[in-house]
Participant: 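I have a structure I would like to understand better, so I am pasting it below and will then ask my questions one at a time.
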Amino acid sequence: MAKIDINGARLAYDDLGSGTAVVLLHAGIADRRMWRGQLSTLAERHRVIALDLRGYGDSELPPEPFAHHDDVVGLLDALGVGKAALVGCSFGGAVAIDTALAHPDRVSALALLGSAVFGNEWSTETEELWERLVGEVDPEDFTASAAGEVRFWVVGPSRDPEGVDPELVAFAEEMDQRALAAELALSAVEIEELDPPAIDRLGELRLPVLVTAGADDVRDIARLADRIAAEVPGAVRLPDIADAAHLLPLERPEAVNAALLGFLP
């Protein structure tokens with residue numbers, strides 16, 4: 001791990017390999033450790049940089065306003081990288097999309113894995129599913145909240161928790177407890193967002209885009225992947241990855257690595 005000052009905050013990252021640059025952006029329930037199955041494999045061909053977004057993992061959170069997409073480009077500047085492919089999962093995918101919209105000259109490609117998109121609204125089906133699987137949880141009880149979120153996102157609605165790798169569940173819960181603490185702190189800081197939001201601007205993207213999702217994720221994620229593929233000119237929509245939910249790079253690293261190595265410039 002290394003740390004570097006970016007836009008007034010000290011951010012943590014891993015930096016391996018050489019070649020064309022690839023930046024890995026983690027899910028909102030995780031941190032850069034979720035990419036442990038990708039780092040060494042991708043580093044055989046690329047310079048791979050896994051970032052803890054501001055406030056998450058080992059990165060700091062000063063009280064000043066900021067934008068996640070500006071932090072990504074600030075990292076590229078600080079590391080002397082002119083252009084990079086961005087690989088994002090969930091929230092990290094949303095940050096990747098915003099970065100490509102705000103700084104199109106700095107992003108060479110987007111690989112979106114179970115991606116969110118800022119401005120997207122969840123369906124009534126997903127909201128009802130959340131109530132059924134998670135229900136009311138004290139938001140300051142990070143242990144209980146993480147258990148509920150991992151049941152919803154990492155196990156997924158279609159799987160029995162007993163059939164999911166217990167080490168995966170435990171690791172996801174540990175990461176999510178830290179992420180929940182980060183989100184509580186982030187709620188007190190002004191985060192600058194694009195206006196209009198990315199969900200209304202997907203057609204502006206003019207770069208190679210790969211999109212997929214976990215087959216056992218909530219259905220809204222696959223629908224969102226379909227929308228990205230339909231609205232981004234030339235986007236490639238891969239079939240959903242079997243036996244995986246929201247943290248598909250962590251759960252099915254071989255399938256994700258094969259997809260990324262076949263796509264990244």
Side-chain angles (χ1 to χ4, degrees), residues 1 11-14 24-39 50-61 68 88-95 113-118 120 122-123 125-189 191 213-221 224 241 243-253 256:
M1 181 190 71
L11 304 186
Y13 67 100
D14 298 315
L24 308 178
L25 300 172
H26 60 80
I29 60 172
D31 53 54
R32 74 184 195 283
R33 292 176 295 164
M34 69 163 283
W35 301 108
R36 63 187 185 183
Q38 282 68 53
L39 285 172
L51 173 67
D52 272 339
L53 292 164
R54 187 180 300 221
Y56 290 88
D58 296 308
S59 288
E60 295 177 351
L61 180 66
H68 285 297
C89 178
S90 186
F91 175 73
V95 172
L113 311 171
S115 184
V117 181
F118 291 127
N120 179 61
W122 297 114
S123 68
E125 173 191 344
T126 294
E127 293 175 351
E128 292 175 348
L129 182 64
W130 178 272
E131 290 301 317
R132 179 166 63 84
L133 293 181
V134 181
E136 293 293 330
V137 180
D138 180 356
E140 295 188 5
D141 184 344
F142 297 150
T143 300
S145 293
E149 290 195 345
V150 168
R151 171 65 185 90
F152 186 84
W153 290 115
V154 179
V155 175
S158 62
R159 296 194 289 187
D160 182 344
E162 297 299 321
V164 178
D165 180 1
E167 292 186 6
L168 169 70
V169 170
F171 182 47
E173 288 183 359
E174 189 271 320
M175 284 195 296
D176 194 28
Q177 288 180 38
R178 294 184 72 185
L180 287 163
E183 290 172 0
L184 184 62
L186 283 160
S187 67
V189 179
I191 304 176
D216 294 304
D217 206 341
V218 299
R219 294 308 303 160
D220 269 11
I221 295 297
L224 192 52
I241 294 177
D243 301 320
H246 205 51
L247 296 186
L248 56 161
L250 184 61
E251 189 169 10
R252 296 290 173 242
V256 168

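Atom set for the values below is all heavy atoms of this structure, side chains included, hydrogens, waters and symmetry mates excluded. What you are looking at is a predicted structure, and each value in this text was computed from that prediction instead of being measured.
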Participant: Do Glu174 and Arg33 pass the salt bridge (Lys or Arg N to Asp or Glu O under 4.0 Å) test, and can you show the C-alpha distance, the side-chain angles, and the key distance before you say yes or no?
Facilitator: CA-CA 11 Å; Glu174 189 271 320; Arg33 292 176 295 164; 2.9 Å; yes
Participant: Looking at Arg36 and Asp14, does any basic side-chain N land under 4.0 Å from a carboxylate oxygen?
Facilitator: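 Answer for the salt bridge query: no.
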Participant: Start with the C-alpha distance between Phe91 and His68, add both sets of side-chain angles, then the distance that settles ring-ring contact (aromatic ring centres under 6.0 Å, His included), and finish with yes or no.
Facilitator: CA-CA 11 Å; Phe91 175 73; His68 285 297; 5.3 Å; yes
Participant: Crowded around Glu162 CD? As in, over 12 foreign heavy atoms under 6.0 Å?
Facilitator: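 12 or below, so no.
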Participant: Given Leu51 and Leu24, is the side chain to side chain contact (heavy atoms under 4.5 Å, CB included) satisfied, shown in steps?
Facilitator: CA-CA 6 Å; Leu51 173 67; Leu24 308 178; over 6 Å; no
Participant: Taking Arg178 for its side chain and Gly57 for its backbone only, find out whether a donor-acceptor pair lies under 3.5 Å.
Facilitator: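 Yes, because the side chain of Arg178 sits within donor-acceptor range (under 3.5 Å) of the backbone of Gly57.
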Participant: Quick one: are Leu224 and Ser115 in side-chain contact, heavy atoms under 4.5 Å?
Facilitator: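 A side-chain contact is absent here, since even the closest heavy-atom pair is not under 4.5 Å.
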Participant: For Ser90 and Ala27, work out which heavy atoms get closest and say how close.
Facilitator: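 Taking every non-hydrogen atom into account, CB-CB, 3.6 Å.
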Participant: Between atom CD of Glu173 and atom CD of Gln177, what is the distance when rounded to the nearest 0.5 Å?
Facilitator: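 It comes to 7.0 Å.
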Participant: Any side-chain heavy-atom pair from Asp52 and Tyr13 closer than 4.5 angstrom?
Facilitator: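 When only atoms from C-beta onward are counted, Tyr13 and Asp52 do not touch, as no gap falls below 4.5 Å.
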Participant: Answer whether the closest heavy-atom distance between the side chains of Gln38 and Trp35 falls below 4.5 Å.
Facilitator: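 The answer is yes; the side chains approach within 4.5 Å.
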Participant: Could you check Glu167 against Phe171 for side chain to side chain contact (heavy atoms under 4.5 Å, CB included), going step by step and ending with a plain yes or no?
Facilitator: CA-CA 6 Å; Glu167 292 186 6; Phe171 182 47; over 6 Å; no
Participant: If we only count heavy atoms from C-beta on, is the His246 to Asp216 side-chain gap below 4.5 Å?
Facilitator: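 Of all side-chain heavy-atom pairs linking Asp216 with His246, none is under 4.5 Å.
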Participant: Would you call Phe142 and Asp176 a side-chain contact if the rule is heavy atoms closer than 4.5 Å?
Facilitator: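 No, their side chains stay 4.5 Å or more apart.
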Participant: Just how far is it from atom CG of Leu247 to atom CE of Met175, taken to the nearest 0.5 Å?
Facilitator: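 Answer rounded to 0.5 Å: 5.5 Å.
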Participant: Determine whether a donor-acceptor pair (N or O, by modelled atom type, separation under 3.5 Å) exists between the side chain of Asp220 and the backbone of Thr126.
Facilitator: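 No, the answer is negative, given that no donor and acceptor are paired below the 3.5 Å cut-off.
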Participant: Keeping the roles fixed (side chain from Glu251, backbone from Ala245), state whether a donor-acceptor pair exists under 3.5 Å.
Facilitator: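 Yes, the answer is positive, given that a donor and an acceptor are paired below the 3.5 Å cut-off.
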Participant: Going by the angle between their ring planes, with limits at 30° and 60°, are Trp122 and Trp153 parallel, tilted or perpendicular?
Facilitator: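 Ring orientation of Trp122 relative to Trp153: tilted.
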Participant: Could you walk me through whether Arg219 and Leu129 pass side chain to side chain contact (heavy atoms under 4.5 Å, CB included), step by step?
Facilitator: CA-CA 10 Å; Arg219 294 308 303 160; Leu129 182 64; over 6 Å; no
Participant: Taking all heavy atoms of Glu60 and all of Leu11, pick out the closest pair and write down the distance.
Facilitator: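 That would be O-CD2, 4.2 Å.
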Participant: Would a 4.5 Å heavy-atom cut-off, applied to side chains only, mark Asp58 and Met1 as touching?
Facilitator: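 Side chain of Asp58 against side chain of Met1, heavy atoms only: contact under 4.5 Å found.
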Participant: Closest approach of Ala30 and Tyr56, non-hydrogen atoms and distance?
Facilitator: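 Scanning both residues, the minimum pair turns out to be O-CD2, 3.9 Å.
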Participant: Nearest 0.5 Å, what's the CG-CZ distance between Leu113 and Arg252?
Facilitator: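 Answer for the CG-CZ pair, Leu113 versus Arg252, is 14.5 Å.
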Participant: What closest approach, in Å, do Val154 and Ala172 show between heavy atoms, and which atom pair accounts for it?
Facilitator: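 Distance-wise, the nearest heavy atoms are CG2-CB, 3.9 Å.
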Participant: Using modelled atom types and a 3.5 Å cut-off, is there a donor and acceptor pairing between side-chain atoms of Ser59 and backbone atoms of Ala12?
Facilitator: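 Yes, Ser59 side chain to Ala12 backbone: donor-acceptor pair under 3.5 Å.
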Participant: What's the spacing between Leu53 CG and Leu61 CG if we round to 0.5 Å?
Facilitator: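 If I round to the nearest 0.5 Å, the distance is 11.5 Å.
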Participant: On a heavy-atom basis, which atom in Gly148 and which in Val134 lie closest, and how many Å separate them?
Facilitator: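 So the two residues come closest at O-CG2, 3.3 Å.
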Participant: Check His26 against Asp31 and note the closest heavy-atom contact, atom names and distance.
Facilitator: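 So the two residues come closest at CB-O, 3.3 Å.
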Participant: Go through the steps to decide whether Leu250 and Val256 satisfy the test side chain to side chain contact (heavy atoms under 4.5 Å, CB included), and finish with yes or no.
Facilitator: CA-CA 9 Å; Leu250 184 61; Val256 168; over 6 Å; no
Participant: Less than 4.0 Å between a side-chain N and a carboxylate O, is that true for Arg159 and Asp243?
Facilitator: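 No, this pair does not count.
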Participant: Strictly below 4.0 Å, N to O, side chains only: are Arg132 and Glu125 in salt-bridge contact?
Facilitator: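 Not counted as a salt bridge, because no side-chain N and carboxylate O are separated by less than 4.0 Å.
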